[in-house]
Each structure stands twice: as structure tokens, then as C-alpha cells.
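Below: one structure, written as C-alpha cells.
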There are 2 protein chains.
Amino acid sequence: MSTEPRAASVRSPRLPRDERRAQLLSAALEVFAANGYHGAAMDDIAETAQVSKPVLYQHFPSKRELYLALLDSHLATLEELMKTALGSTSDNRERVRAVMRAYYEFIAKDDKAHRLVFESDLVNDPDVASRLENFNRGFAEAIARVIAADTKLPMVEAQLLGRSLAGMAQVSARYWLETSGDLPIDVASDLVSRLAWRGISRFPKEA
Amino acid sequence: MSTEPRAASVRSPRLPRDERRAQLLSAALEVFAANGYHGAAMDDIAETAQVSKPVLYQHFPSKRELYLALLDSHLATLEELMKTALGSTSDNRERVRAVMRAYYEFIAKDDKAHRLVFESDLVNDPDVASRLENFNRGFAEAIARVIAADTKLPMVEAQLLGRSLAGMAQVSARYWLETSGDLPIDVASDLVSRLAWRGISRFPKEA
DNA sequence: TCCAGGTGGAAATCAAGATCGGCATCCAGA
DNA sequence: TCTGGATGCCGATCTTGATTTCCACCTGGA
């Protein structure tokens, strides 16, 4: 996709529908990630994509639908990464490590997507809230199952701890990204997963 | 403050400036907590306060300044609670426990304030972002100091773990509130602080 | 050459933040 | 007791930014 500045009044070259849609999503991701939903104008997205606004409305019924399409796409990617990491081993300690590593890698690879997902300013929208909650619940429940298997804690308590560890992953990974370079990704994700594992592995026995 | 419906065209009773300001902040908290910054209209806040919009602008230069005033007020309260909990003991394990408990109590007591602080949809605003970051940094650094003292880890690594545990506290407390009644506050905050403590207390020695 | 489909300049519409101009009321001082 | 100034109040409207749509043009492939 050429992103060279396009002369005024020169039309954007025609693209097949699917390619145009993908390009619009890419432009939208840039603008939403940089400015948030509320700080982004459809004018800005059109400008970034080097098309006019009606082109956006040809592919997406509204600004909100555009945002939801993007969110869905990136949540699907992340869910797949988490699922792969969880299924990569049957050893619980290695599972926690793999999940933490996958999380950090997702964030290192695509900080725009991570901002879209984890720093949304549209969380009061029910459709956005439900998508994020679905993801968070699935993630935390997967961890809760590991905890319940390893500790014999009742599920209610394992759920709370699952959320705790999911929170640990999310917040620490964002912090690591913001201070990037202080610690290599291997060291950072390993450190946090060791903290997590040590916390888990001593339940319910207590020193 | 009377919140009985006011007859149309009947003026709101005069209040001294300070009382009115406090009342407006209270109404604003309700509306911002329920709808977020972007979903709240000044009309809504005026209606909740049972005054007209110009009265809002008499006390706050703009919608954004009103929001920042509220945020400052509640962040100050939370910071005080955290400071008190950290200073309540010199035993590191009890510190972690006291901080977790204080966090859960803040959230149990005032879910509107917690939503304002932790689920803001104005995080792209630099002034909001910096306030939240200042709080988060202070909180995580306090925990990092406990970790560094107890584990002899270098500060860079203790900082990352501090953020991890701060994230654990925030996300788990929100989840606990949403599933309120599943676990009593004592059990929930104790569980999470034990997870945190076990994670910390085994660094750097490894089983 | 024709037409389906991709394109845009311009403007309509609308919601909401902020302000104007004046009203109402309370109280201190004459 | 009365009055005028200070202060608190509001209905109506202005302003602005942004979403969405209208209507017509352009172009590439059959």
C-alpha cells in the first residue's frame, strides 16, 4: 500500500473491495490506537487511509462498527495466541510460563493492537465491555483451571486467583512495554511468571 | 441536600458557594461513574444536581476541569489509605496484607469512586493519564521497596514485580466487587495477599 | 462502448459544550 | 423598616466539531 502523500483531488487508485477494507482497518487501527475512540475523527481515519469519508461508510455502517470490527479482529488473534500457549504443554508451571511469554510477545509485536484492546476509552459501550469481559473471563478461567488442578482450592477461590494473575500479566506487560529496554523480554516475562508460579505452587500448604 | 424532584421553573434554593460546589461534585460523581466522561453530558449533571447548566460553569471552568477536580479528590483519599496501610506495620508480610485489605475496602465502600479512578474513559487526556500514572507509580514503588527489602532483587526487577502486584490488586478487587457475595471481603483480600506474599517471599531462592 | 462498482466534494444534521443577558433573593447599613 | 448592592440563579441561544448522507463523477473490465 502506497502511503506517499497523494496530490489534492487526485483519486485514490481503485482497489478490490477486500483489499480496500483491510487498508481501512489498518488506517483505523493507527488512528484509534493513537487517539482513542473519542479522540479519533472519521476525517482523520479517511485522511490516514487516503480516501474520502464516504468510502469508509461503504465498508462500515458507522464509526462504532468500524471500531468493533477492529476489536474483534485483534481479540481473535490474542485468544488464539493464549490458546496455543496453554496447549503447548501439560506441565502447569510451563503453562504459566508460556502464557506469560505469549502475552509479552503479543504486546511487543503490536503495541497498537494492545492499546486498542487494553486501553480502550469506549469501555462504557455495552458491546465493547462484553467483548473485553469475554476475553478476560476466558483468560482468567484458563488460569483458574491450572490453579484448581495444582492446588485443590475450590473453584470460587481459584477464579479470584485466576483474575489476579491475569491482572498481573496485563499490568506488568504494559509497564514493561513503557519502560522497554530496561529488561529483555525473556527476563521480564520469566520473572513475572516465576512470581506467579511461586504464588500458586504453595497453595494450600503454608510454610 | 434535598433530592426531591423540583417543580419545573421553581428555582433551586440558594446555597453558600462552598456547599453548592460540594453538591455539584457529588452529582458529577454519580453521572461520571455511571456513564463515563464521554457518556456524561453537562445537562445530565445539572439535572442530577437540580440546577441549571450556568451554575455548573459558575463553579468549574469546563466539563474537563470538573472531572479533574473529582479525580484529584478521590485519588487523594486513596493515596492516604495506601500510605496508612503501608505505615501500619514494619513486617513486610503484614504490609502486603494491609495494603490489599485497604484496597478492597476502598472499593467496597465507594464503587463510584473506584469506577471514576480505575475505569476512566478519559485516559487519553494527558492530565488524566499523568494523575493515574502518578498514583500507579507511587503504589507500585511502595510495593517494589517491600520486594527489594525482602528478596535482595535489583530495583529494576523489583519495580516490574511491584507493578505486577499492583495489577493483581487492582484487577482482582474489581472482579471481586463484580461478583460480590461470592467471597467475604476478609477471605478475598487475604487470599490474594497470600498469593502475592508467597510469590515474593521465595525470591531469589528457588525450590 | 457500456455499466457496475469504486470514488469524492459538499453539505445536512445533530449533540453537546459553553455563554449571554437578565432575574431573584438575601442581608447590611442607613 | 426600607433599599441597594452583592451574589446566586436560569431560559434561551450560540458555537463548534463530528457523524452521516446526497448526488454525481470516474474508471476498469467485460
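By convention in this document, chain letters (A, B, ...) are assigned in the order of the sequence lines, proteins followed by strands, and residues within each chain are numbered from 1.
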Output the rounded distance in Å from CD (A/Gln50) to C1' (C/dG6). 16 Å
B/Asp186 with B/Arg101: basic N within carboxylate O range, under 4.0 Å: yes
Assert yes or no for the condition that the ring centre distance of B/Phe139 to B/Phe118 is strictly below 6.0 Å. no
Rounded distance in Å - CG (A/Leu122) to P (D/dT19): 12 Å
Flag side-chain contact, heavy atom, 4.5 Å: B/Ile45 against B/Leu66: yes
Using 0.5 Å steps for rounding, measure from the CG atom of B/Asp125 to the CZ atom of B/Arg64. 4.0 Å
For a 4.5 angstrom cut-off between non-hydrogen side-chain atoms, does B/Leu15 reach B/Arg21? no
Would a distance-only check, ignoring hydrogens and angles, find a side-chain to backbone donor-acceptor pair under 3.5 Å from B/Arg20 to B/Val55? no
For B/Arg20 and D/dC9, is the shortest distance between a side-chain N/O and OP1 or OP2 below 4.0 Å? yes
What is the distance from CZ of B/Arg21 to C1' of D/dT7, rounded to the nearest Å? 18 Å
Check: D/dT20 base within 3.5 Å donor-acceptor of A/Lys53 side chain: yes
Compare the minimum distances between each of C/dG8, D/dC9, C/dG6 and the side chain of A/Arg17, then state the nucleotide with the smallest one. C/dG6
Going by number, which of residues 33-45 of chain B have a non-hydrogen atom under 4.0 Å from DNA chain D? none
Which nucleotide in C/dG5, C/dT7, D/dC10 has an atom nearest any side-chain atom of A/Arg14: C/dG5
Look at atom CD of B/Glu47 and say whether more than 12 heavy atoms of other residues, nucleotides or ligands are closer to it than 6.0 Å. no
Looking at every heavy atom in both B/Asn35 and A/Asn124, which two are closest together, and how far apart are they? O-CG, 3.7 Å
If you take any heavy atom closer than 4.0 Å to DNA chain C, which residues from residues 54-68 of chain B end up in contact? B/Pro54, B/Tyr57, B/Ser62, B/Lys63
When the distance from CG of A/Leu15 to P of D/dG28 is rounded to whole Å, what number comes out? 11 Å
Is A/Asp111 paired with A/Arg115 through a side-chain N to carboxylate O contact shorter than 4.0 Å? no
